[in-house]
Structure formats: C-alpha cells, structure tokens
A.B. asks: 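Mind looking over this structure? Questions follow.
Note on naming: letters A, B, ... go to the chains in the order of the sequence lines (proteins, then strands), and numbering restarts at 1 for each one.
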Amino acid sequence: MYKGERMVLRFSRGQRVAHWALAVSFFVLLFSGLTLMIPSLAPLAKGGVARMIHRVFAVVFMLVPVYYALADRKGLQALITESFRYDRDDLLWLLRMPRYFFGRVKGMPPQGRLNAGEKIHHALIILTFITISLTGLVLWFGKGNLSQNEFLGMVMLHDIAMYIMVILTIGHLYFTFVYGALQGMVTGYVNEKYAALEHAKWLASIKAEKTADGKLPQSKSA
Amino acid sequence: MTKQFGFLMDTSLCVECQACRVACQMQNQLPHNRTLIRFRFQETGSYPAVTNHITRITCMHCQLAPCVKICPTGALVKGENTLTYLAPERCSGCGYCAQICPFKVPQALDNRSYKCMACRELVEEGKEPVCVSTCIANALKFGERAELLKSAEKRVAALQKTFPNAQIYGREQMGGLGMLLILRDDPAVYGLPVAPRAAGELAFWKDSLQPTGFKLVGAALLATGASYAIASRNHRRELSEE
Amino acid sequence: MERTDRARASIYNLLAELLMPPTAENWEELTSPGTAEWLQSELAELGCNLPLPAMVGGEQLDLAAAGDAYYHSLAHPLGQSALPIESIYKPWTTDPSCELSIASEKGYLGGDASAHLADIYKALDLAIPPEYSHAPDHLGLELSLMALLVENGSREQQSLFLSQHLDWLPDLLEAADARGIHSLYRDLLVFARDFIAWDRVNLAE
Amino acid sequence: MKFTRRTFLKASAATGALAATSGLIDQKVWAQGQQAASVEMKPSLCNGCSSHCGMWVYLKNGRLWKVAGHTDHPRSRGKLCARAHGAATWLYDPNRITRPLKREGDKFKPVSWEQALDEIAVKLKEILAKDGPGAIFYGHNPRETGVFYGTRFMHALGAPTICTHNASCNTTLNTGWGATVGTTPGSDVGGAKYIIFIGRNFGEGIRTSQVTSLTRAMEKGTKVVCIDPRHNATANLASEWIPIRPGTDLALVLAMANVIISEELYDMAFVEQHTIGFDEFRAAVQSYTPEWAEPITDIPAATIYRLARELASHKPNCFIDPSWKGAFGTNYKNSSQTCRAVACLNALLGNMGTPGGLTFYEGPKFGKLDPAKHPEPPKPTLPRADGAGVKGEWPLATSQGLPHYLAQKAKEGKVKAGFIRHHNPVRNFPDPEHMMTGYKGLELLVVFETHLTETAMAATHILPEPSFLEREEVVEGLAGKKPAACLRPQVVAKIHPETRSFDEIIVALAHKLGIGQYFQFSLEELNRARLAPLGITLEELRQKGTFIGEEVPVPEVPEFKTPSGKVEFYVAKFAENGHSPVPVWEAPLVSPDPGNPRSFRLIHGKQGYHSHTATANIPYLLQITKDHDAERLWLNASRAAALGIKDGDLVLVKSALASGKVRVKVTERLHPDAAYLPSGYGSFSPYLPNARGFGLNQNDFTPYMMEPLNGHAMMMEVIVEVQKA
C-alpha cells in the first residue's frame, strides 16, 4: 500500500454519488431482471414484485446522468469527451494491457485521469446505458402494442446490453480490487504516489495548475 | 409417442350464447370482468347476402407454442397431451406470452397472465374441458386431434356447398393448432393470421443468445477469478519494489 | 381481568350497541352526556387519544329519528345503505374448489367470514338473534364477540380476530361515503375504525 | 359497565370453550377444515328464465358451490346457458328484499309480517265488501306454484281475473294455434328435414336442449331457413337468412299457402280427412300470389315460390316452427292472423304428429288432493276485470288476460286491488307511464318478489320470497314423448329469515281472509298427492329432481281440441266476433314514413345471456353486454350512412312517447326499415343498482295499445325517429 503520501482529489462528490447510484441501481436491476431469465429465481418474480422493483430502479438508473449533469456538468462533459478520445499512449497502453491485467503497472505508458482501459469501460457503459435504457423504455411503455419482431428485437438488445454491462462490471470490480482502488471512489481522494504510477499525465497536469496559483487545490494530507 | 389432444370449434354452429365464457369463468374462479374466452364477430357481404363470422379469441394450443418457449417462469407448459397449460401461481405477469402470441390471446392483467388453462384437472380425469361440455350448440368438441380433423374434414366438405371457401384452420399453423377451427371463409375474414409464426428470433434468443451471454459472463468470472491472486501479488510486489 | 381490558371490552360493547338498531331500552342512555363522560375516562385510562363520536354526548337524535337514520344508513336491504356485513367486503371464498361465479368476487352475503363466524358461535354455544341468521358477520355481532374475546380469550385470539375479521371498516366507510349515510353514523364508523386500529397496535405492543 | 347492554350473543359456556378450542378463532385454520369437507349434490330447477331447466346444485358446508346441467331433464340435457350461473348468485345477492316492505309515498318502510298481512287482509276485505271480487286481479309469470296457489286463492275469493305476462309475449299463439288445432304444438326438431323459423330464434330465446337438437339435426343435413328482419343468432347457423319487412310475415305465409295450394303440393289426404274450411281458405288465399307479396314483404317472388316448394317437398317431415314471441307473438296488429296462417300452412303439410313435424305431447297425469278432505273452491262466475273472454269487451282474448288493460281499468277506478308475483308488467309492457300510473293508483297492490323491480315500486306492500334455491315448490310436469315430473326442492337453508315462500304467504293470507278451509294441507301433502299416480315418491324426486315417465303412445293423428275436432281452416268463433274466419291479409298498424330518412320501425328481441330485464342486474351477465357493447341499437348500414351515423355513434331515438340516447351498431344484418333494440335493458328501479339506467328499453317508446282481436300489446307497432345525438 501507499503510505505517508499526500492525497489528491480524483473524484468529485457529484461523481461519487453518480457512481454509487448507478452501481446500486444496476445491481438491483440485474437481480430483479434475472428473475425472468433463471427459472430457479422465478418464484421471486411472482405477483409482479420483481417487475415493480425493476421499474422503480430503472427510473433511478436513468436519472443518474441527469443528476450528474446538475451536480457536475463539467465532470459529465469531461467523462464523455475523455471516454472517446484516445492518444498514442492510450493505444500503446491497450497493447500492453495483458501486463496491466496481471497487476503490472510499471512499463505501462503514462496515462491521463483515466487510463485507456477505463476509457473503453466508460465508452461501452455509455453506449450500453443508452441501449438498455431505450429498449427498456420501449418494452415498458410499448407493452401490448409491439409486434412480435419489435418485441423480440427490443428484448434481445436489452439482453445484449445487459451481458456487456455485466462483463464490464466484472472487469471493473477485478481491477478495483487488484489495484485497491475502492478507497478512491469512497472518499474521492487517491494517493499521490498511486496517481504518479497510474495516471502520470493527469498528476502532471494538476501539478501544473498548482504552479499557476501556488498550491495544489485538489489535495490534502493523508 | 404421446397422443395429441385438442379442441374443434365449428364456428358455423355458434350462437354466441356465451355459455362457454361464463362456465369457464366459474371453473377458473374468475371475477366478472376477467374472461379467458372472448369473441370476435365479423360481417361479410352486404344486405341481404350477409354472413356473420364468429370466432373465439382463446388459446389455440399451438404445437410449437411460442408462449411456452418464452415464459421465463415455467408457468406455461405443454402437457403430455400437447395442450398448453397455465399455472397462474407460477406466473409473474411479465406479459412476454401476450407479446409473443401470434393470436394475441394471453392478457397480462393483475400481475398475472390470463389465458385458457385447458381445464387440466378435468382433462386428466378424462373429462372434457368445461367450455366443451357446456356448449349448447355442439359447436365445440374435444378429443384426439386426429379424430377431430377427420370429423372437421367431413363437416367442411358439407359446408363448401354453401361456402366455397370453407376450410379447416389450424391443420398446419404453428406446427398444428390444438384448437382447430372450422371456418366458412378465409382466416383473414375472422381476423386470424393466415400464416402465424413464432418469430425465428425467439429460438435464436432463447437457444443461442441467452446461453452464449451466460457463457461469456461465466468466462469473465473464471478469468478474473483465476488471475486475481497472481495480479494482486504482482501489484503488491511492484509497490514494495518502490 | 385488568382494568384496561375491562375498558376495552366495554368500549367494544358500547360500539356493538350503537351499531345495532336503536331501541327504547337504552338509546337515551347510550347517547347521554353521562356515557360520553364515561367513554372519555375509559379512553384516557387506555391512553387512547381519540375524539368521541358525536353521537355520544354530542348531537342528539331522538329514538324515532335514530331508528330512521340507522335503517337508511346501515340496514336498508336494497343497496341504498352501507350494509355493515363483513362478507360483502371480502372475496366470497378462498377455497379454490368453488365453481360459483361469485367465488372470487366481493359484494355477496354468506362468504367465508359469515360461515366462520357462524361456526365460532356454534362452538362457543352462542346464540345470535334470529333476524341476523343471514349475517353472523354483522359488525355489531363481531364487535360483541370481540368484547367477549377481550373478557375471556387470549391476546393472540384478540389480535387474530382484529386482523382477520375486523379489518374491513375502511371498506365499509368507503361504501358509506359512496351512499352518503347519516353523518352521525358515519362519524361513529370512523370512531370504530380508529379504535380498532388503535387496539391492533395496542395488542401488538 | 356504564350502560345497559343487550346481549346479542347469548352465551352459555363461552369462557371455557375459548380456551379449549385453540384454532377456532383463526380463520386460516378454520378454512383448512372447510376445504377438506366433501361436496354434495342436490337437484333444482333453474330460474334464469321461465324454462326451468333441470340443474344440479353442488353444496359444500351448506353453501352453494357450483351449478351444472341436469342430464335427465328434457330441457337442459346436462347443459346450462350463461344465465343459470348468473341466476344462482341471487341467493347471496345483498340487493334482495329481506323483509316485508310497505310503500309510504315513494319510500319503502320495513314492517312485520303480521302488520303487512293484517293490513292486506283488512284492505282486501274492505274492497271485497265495497266492490266485490271482480275488482281484484292476480298477475304472474305462470309456473306451477303460482298457478296452483294463486288460482286457488283467487277462486276462493270468487275473483276470476288471473292474468299472465303473455299479452306481452305470445298470447297470440293460444289464439291462433288454439283456434286452428286446439293447442300450441311443439316441434320435432331432431327429426325434421326442413325447418322454417319465422321470427323464432333458438339461439337467443334459449332452451338449451332445443339448440342442441337443432345443431345435431343440422350436422345431419337438415335445412334451416331463418326468416326475420334481423339476422339473429340462429341465422348465424341457418342454411339461409331471408330478411323480411317487419310486420309483413302474414303476407309471406299467405303467399306460400297460395303456391302450395295452387300447385297442389299439399297433403290432400290429410286435408280431406282431418280439416274443415279448406275451400274457404283456398278461396281466401287465391289472390295472394308471391308477386302480390313481393312488394309487401320485400322478399322476391321467386324466393317465395322456392320456399313454398322446398317446404312442401319435405312434407310431412318439416314445419314452420310454432314459435314463441317472434313474428307472431304479441308484436303486430296482424299477429293473431299470422299465427293462424302459420297453423293453416302447417296443416297443408300434413305434419301434425308426424316425425319431424309438429308434436302434440301431453304432460304427466298428476294426482289431486282428496276432494272430500280438500274441496276445491268453485270457479268464479263473475266476468273478468280485464274483459278477457267477456262479450262486449275482449271475447277472443285468451285466459292469459290483459295486464295492460288492467292498468287502464285501475285508472278508471274499476279495479282496486292486485296481487303480482314473479312478473314485472310495469317494465315489460309498453308505456311504463301508463302501467305505473295505473298500478300505483290501485288501493292495494301486493307484489311477491325477491328484488325490488319497477312493478314492486308501484306496490303498496312487497312481500319477500326466498330465492328459488331456498324454497320447495309444487311438482311440475313437462310434456313429451315420455312426460316428465320435475321438482325444485329446497337445497339451501333460507338466507334471510324474514322471507316466506309464496305458498306459505297465500295460506297465511287465506286464513286471515276467512278462506282458510281451502288451504288445510301442506305443500308436502299436495306434492305427494300429485305424485301418487306416477310411481315415484316425493322423497325420491327430491333426490333425483327429474323423473322421466313411461312413453305414452300417441294416436297417429292427434286429437284436435277444436269445436269440430279437426284442424279448422275456418274458425266460426272469429266470424261471430267480426273477425275474418280465415286468415286474410291485414297490414300492420303503423309503418315508417318512406319520405323520412330518420323514420324506423323499432323492433326488439332477446339475447342469449339475458332474460328480459330480470337478469340485467347480475354483474356476470351485464359484463357480457358491456364487453360486446351489446346494448347498442342496430341500424342497417345503408340507412345509417344516409344519416351520417357511424358504428359506435351516439344517437337520439324519439317517438311520440319518449326519447333516449344510445350507441349504434351499424350492420348489414338488419332490414332497412327496422331499428333493433335488445330487450333486456333500461331498468329504472333505483333498487337494481347495476342495471339501472343502462341501455334503452323499447317499451319506453311504444304507446299503450290493444290489438283488436285478442287485445295483446302490439309491442312492435311503433315508429321512431333516429338521428345523430
């Protein structure tokens, strides 16, 4: 573990709330949805309870970006733009991804606030978020008025988006625990040494901000 | 091989008396505003040469029943006699059956699906479903599908003298319907799909996509699970090297 | 019996009296200021903070007017009043073997509640007035039985009876409002509903 | 305890018992015990309509559990229609009348039986003393219990006026068939090769076994022709629907007779041996060619020729159905003559008593009370208050009487008291205003009912009967090859303690009126006496419900109960009273104005899931109507188009009497002259909360009228204007 180092703010309050709201609603949606896929969970779906829960949390889920936009508009913009902008280092990083997968950071190209893996993760989450939300809305409000094919098309897209999200989430959790990154999303702060190791470009950019006005605004002592 | 059982409705004999509807409500303890048997009436021709075409909107007991395939809770099942049974106590009311049924029969209301339950207990006791035993006009029959087809053929031949388009509906559709209909005219007149189908995507979804999805998720779990110890050890080592 | 149980039993009895047709025997007494005072003190004893029904100690109806109001509010047999009979507000039976059209419907006499109450009276060797043979689950009789359970039965039995049988007063009030019953009887039903709700909590504690 | 308590629960040993019976209070535990109980079966007779189909009633823990068709009963043959399931719920209906009621102004006050019966007796005695028994009437839908007790009661009072609903239904059949062949025959549907229905509608005026026989016959190839202005539910399955201008069926039948006679297609031997007046009939129909009938009936002459020839070619295994209300019930001014013509046309086919023809079966020969112990009251000799059979009034009216005329007599102060049971003339005769004013003006009107119908609203006293499952009735007979005896035993305990069955009430009233000597027997004794000759005991019949007797041999040609003992083409009685003795063409009373595109004849008919207005309050049956928008007014598509009316539009229906709004069913299945209303709706009693104000009733639009021959209500002689609302 990193010890005795200074901490740098990596996630704003808005970002953290959005992350956890999304995470919680995602898991509730996942398990309430699975009652309609795994026969042994079917009894839980009886009487429409699972459906009710699924709908309530679908609303929470879909409101997360709205909340994010209100709480931290810049953050949301940055998230979207960063997720789809890749430089040379990013590509190189992706090439060396297997190293990173097995816990080796050293030798990876320097990264910004988000590493290339995180960017891809975010990009895919954004895409699947849109897909799963839209198909979900169509299934919800189009109930009874869809043709067989429309219905099946929607269900399948909804499913595919779900599989992708689940696999991404597995990867996300994996890296979180391999690299002990949970703390960052809980408190918002990361260890400066960790930042230097994993997000060198980003650390450099905030240090540059510091030199401009004389202090490091996003940091505190551990 | 199991014997196919089914219904035969001679729509040319129905007097729309609704006895079947009410008897079915009794059998299934349905409140007055819920019914498993609805009717559709369609006039053809113009005065005075008019025909009133009647058909029931009720489960057609498809051999290849998409509702059974799609039902995520196993509330819809095929009996040994090939009738499609519904166990409401297992139903979650997701409404998938209503959306996939090419005949738009099931209704998803009150957090459950409403559709013909094929009087399972009665049939297993060797009795007729209650709509059949109550039909005052002999318009409904129940029995071995092959036998019903034979008698339907005879009846259609007789009807064709007056109604040249008279035909049996359900011989081939959906792998053969368990609810055979004797029609006096083309199915479209009755609001019935001429070539109903279980969308091929249904099989792809249930048989390929879902299992593949689950396998991929499984693979991801395996890969991360197996690598976790190595990766975190590597990471700790890198940190201590500092 | 504890003092509080005596209070509960007698309040149930008072409600039973008031929710049966008024008679010359005790109508004046039931609605007198003395009864109001007594009820007030019983409620205070119980720590039950409910306003008294206006019928008791407040606005007075003479016996004839009360008879008329009762009949048109709670006893008119022709769908004009809110009949205070449990079966009407519950699905007719929960037995899945019933093949009667009304099996799962509300709005009919002689439902499970009615049959259960009749069996309770029989087992306890209780005789009900013959004019109630069609409605052993009449609110007045149920309140009377509740008083008896308070006096002689266990708290579990009381709890069960309140939750299984005396749980339909909100529906009755809805029916009463739909039909516009006499305000004093409506007020009394509100009191009965609230007292039962209070007692359910009380028993749970 | 602060206040004086009544003890609603008279306890003896509650304290100990409560402790000892742990599961007693828990309804869940109780329910498990209940579920384990077995189900028992008892027979009854349905009351969903007046056919009284046999049914099995299933009971569990003494509660009604299920109803099913009685396999032995000739009318149900194991099947019940929708109405039976609905009617069974009357038992637990909270809208039942539970206590005797007395009307004060427009309110109903409960009174004790003692008070009600005393008041009735006092008032009746007063009227008897003042106006005599001629000022009293009894009206009912005649079923055995009402017939036996009601008749005996009236006769004991010396009162002759007993009438039924038939003047709004089919009293013309008694007139027409009665005059021609002596009785209204049945028909052998199962054996027929060719059947013509004129207005008769098996599919909606249901007797379950008739429908079953008809469709079985059709599967075997029987040809069925349906002649009706409306393509009704029987037309659905008929081989052919021939629409006819409403009210002109007489012209069609006369023209068919013309063809059959002029082409000598009739059964000459039968006509020669078993009929009188053929020559007069032949002469009368000579001018009624199909070409003559074509413009009247709107049926092509060629079709009439074909129908006549086809029908005759199947003689004698064919018939024109004797019908019910249909086209020759009490609908048109010419209905009695139409019925006569139909009877005569059937006679030409020689189908009297033949297989596939008309049937003349009799009911079982019931026994009687010992006349020594229970003398019958003498038959009253006074003239009837409704003038039925009375010279100078309605000599040709049948003994079924004229309830609508009684309303008039009441207004004139000539009728003072009435007893009405199981019958709703105020709603089911034309002009409710006329009926209500008349009946409400009576000094005494006692209504025996389970529900507060429109007629009960006019009553001075309403006496509540238990529902049909809670009372034993008088044993009934059914005519047939094998005559049957049927019983409606009491199958469940009375729900409302303050209800009493008709026989009980009549006996109690009789005692108060001093005619108790005619009622010194119990219902049980009566039923035993009736069953004595049949070879079945009351106990057995209570178990079986239906008893099918031995086959009774019938003569090859039935005995015609006419003055001549033959089929009468010529009816002298008609001539004597100034009516044509042979059927001749007579136009309907009113016709739509051909120059007015809004002008229609308002016709009505039954639906298979309702019995007049009696079942509209049952949620299960009313829901069928709602699900299918079946209360709509039918209009012919081309007529509707001309008025800019689309399917589902709301229209205003107007006659001289009333106006009302209803939605429209635009259809090709109706003659352009007609506007059709289903007849089961438009209840206005506030005590029928589900039915009240739902749909329109044809009787609101039709004036109070009497047909000249037998005085019936002419229920379809009404022209309405229809326009978009």
Side-chain angles (χ1 to χ4, degrees), chain A residues 1-3 34-52 54 99-107 139 142-156 159-160 162-164 166-175 177-180 193-194 197, chain B residues 66 70-75 88-96 98-102 104 107-108 110-112 196-206 209-210 212-225 227-242:
Chain A
M1 283 288 122
Y2 312 97
K3 274 179 193 145
L34 281 177
T35 59
L36 288 190
M37 299 186 75
I38 301 173
S40 52
L41 294 181
L44 298 173
K46 219 199 109 193
V49 183
R51 179 169 53 256
M52 182 53 73
H54 201 72
R99 285 178 62 86
Y100 189 74
F101 183 81
F102 286 107
R104 297 176 195 277
V105 183
K106 285 181 181 165
L139 287 169
K143 192 167 182 175
N145 299 316
L146 301 175
S147 73
Q148 276 182 355
N149 283 341
E150 286 163 351
F151 168 71
L152 277 175
M154 290 301 138
V155 168
M156 283 196 277
D159 266 20
I160 291 169
M162 181 273 291
Y163 294 126
I164 296 172
V166 168
I167 291 166
L168 287 173
T169 305
I170 292 168
H172 180 59
L173 287 170
Y174 172 80
F175 288 117
F177 289 109
V178 166
Y179 290 101
K193 187 172 167 192
Y194 159 86
L197 204 58
Chain B
I70 205 170
C71 178
T73 65
E89 68 280 2
R90 300 196 59 173
C91 175
S92 76
C94 69
Y96 285 7
Q99 313 227 38
I100 203 67
C101 173
K104 302 234 173 268
Q107 298 166 280
D110 324 322
N111 289 320
R112 57 161 283 198
R197 58 185 208 101
E201 294 83 351
L202 173 60
F204 169 73
W205 177 40
K206 287 299 238 190
L209 185 67
Q210 273 196 4
T212 308
F214 279 113
K215 275 179 204 150
L216 288 175
V217 170
L221 282 171
L222 266 176
T224 51
S227 324
Y228 180 74
I230 304 167
S232 53
R233 197 189 58 216
N234 285 347
H235 180 59
R236 278 197 302 276
R237 196 171 290 159
E238 275 190 351
L239 285 181
S240 58
E241 281 167 13
E242 279 294 301

A.B. asks: Can you check whether A:M52 reaches B:N111 side chain to side chain, under 4.5 Å on heavy atoms?
C.D. replies: no
A.B. asks: What part of B:P102 gets within 4.5 angstrom of chain A, counting heavy atoms only: side chain, backbone, both, or neither?
C.D. replies: both
A.B. asks: Return the OG1 to OH distance between B:T212 and A:Y163, rounded to the nearest 0.5 Å.
C.D. replies: 8.0 Å
A.B. asks: If you tally heavy-atom pairs under 4.5 Å against chain B, which of A:V166, A:D159, A:L139 wins?
C.D. replies: A:D159
A.B. asks: Quick one: what part of A:F175 sits under 4.5 Å from any heavy atom of chain B, side chain, backbone, both or neither?
C.D. replies: neither
A.B. asks: Is B:Q210 reaching over with its side chain to a backbone N or O of A:M37, donor-acceptor style, under 3.5 angstrom?
C.D. replies: no
A.B. asks: Roughly how far, to the nearest 0.5 Å, is CG of A:L152 from OH of B:Y96?
C.D. replies: 10.0 Å
A.B. asks: Considering only heavy atoms, which portion of A:R104 lies under 4.5 Å from any heavy atom of chain B: side chain, backbone, both, or neither?
C.D. replies: both
A.B. asks: Determine the minimum heavy-atom distance between B:K104 and A:L146, stating which atoms define it.
C.D. replies: NZ-O, 3.8 Å
A.B. asks: Please report, to 0.1 Å, the donor-acceptor pairs under 3.5 Å made by any side chain of residues 213-224 of chain B, with sequence neighbours excluded.
C.D. replies:
{"from": "B:T224", "atom 1": "OG1", "to": "B:A220", "atom 2": "O", "distance (Å)": "2.8"}
{"from": "B:T224", "atom 1": "OG1", "to": "B:L221", "atom 2": "O", "distance (Å)": "3.1"}

A.B. asks: Which bit of A:Y100 is near chain B, if near means a heavy-atom gap under 4.5 Å: side chain, backbone, both or neither?
C.D. replies: neither
A.B. asks: Taking side chain as everything from C-beta outward and backbone as N, CA, C, O, which of these in B:C101 sits under 4.5 Å from a heavy atom of chain A? Side chain, backbone, both or neither.
C.D. replies: backbone
A.B. asks: Kindly indicate, with the supporting measurements, whether the criterion side-chain contact (heavy atoms from CB on, under 4.5 Å) is fulfilled by A:V155 and B:E201.
C.D. replies: CA-CA 10 Å; A:V155 168; B:E201 294 83 351; over 6 Å; no
A.B. asks: Please give me the minimum heavy-atom distance between A:Q148 and B:I100, naming the atom from each residue.
C.D. replies: NE2-O, 2.8 Å
A.B. asks: Calculate, to the nearest 0.5 Å, the distance between atoms CZ and CG belonging to A:F151 and B:L202 respectively.
C.D. replies: 9.0 Å
A.B. asks: Please classify the contact of B:R197 with chain A as side chain, backbone, both or neither, using a heavy-atom distance under 4.5 Å.
C.D. replies: both
A.B. asks: Work out which heavy atom in A:L36 is nearest to a heavy atom in B:S92; give both atom names and the distance.
C.D. replies: CD2-OG, 3.6 Å
A.B. asks: Taking the side chain from A:K143 and the backbone from B:Q99, do they hold a donor-acceptor pair closer than 3.5 Å?
C.D. replies: no
A.B. asks: What part of A:L168 is in contact with chain B, defined as an atom under 4.5 angstrom from a non-hydrogen atom: side chain, backbone, both or neither?
C.D. replies: neither
A.B. asks: I'd like to check the side-chain contact (heavy atoms from CB on, under 4.5 Å) partners of B:A98; sequence neighbours left out, ordered by chain and number.
C.D. replies: B:P106
A.B. asks: What part of A:V105 gets within 4.5 angstrom of chain B, counting heavy atoms only: side chain, backbone, both, or neither?
C.D. replies: both
A.B. asks: Which atom names give the shortest non-hydrogen contact between A:V178 and B:H235, and what distance separates them?
C.D. replies: O-CD2, 3.4 Å
A.B. asks: Considering only heavy atoms and a distance below 4.5 Å, find which of B:A231, B:S232, B:P72 pairs most often with chain A.
C.D. replies: B:A231
A.B. asks: So which part of B:C91 gets closer than 4.5 Å to some heavy atom of chain A, the side chain, the backbone, both or neither?
C.D. replies: backbone
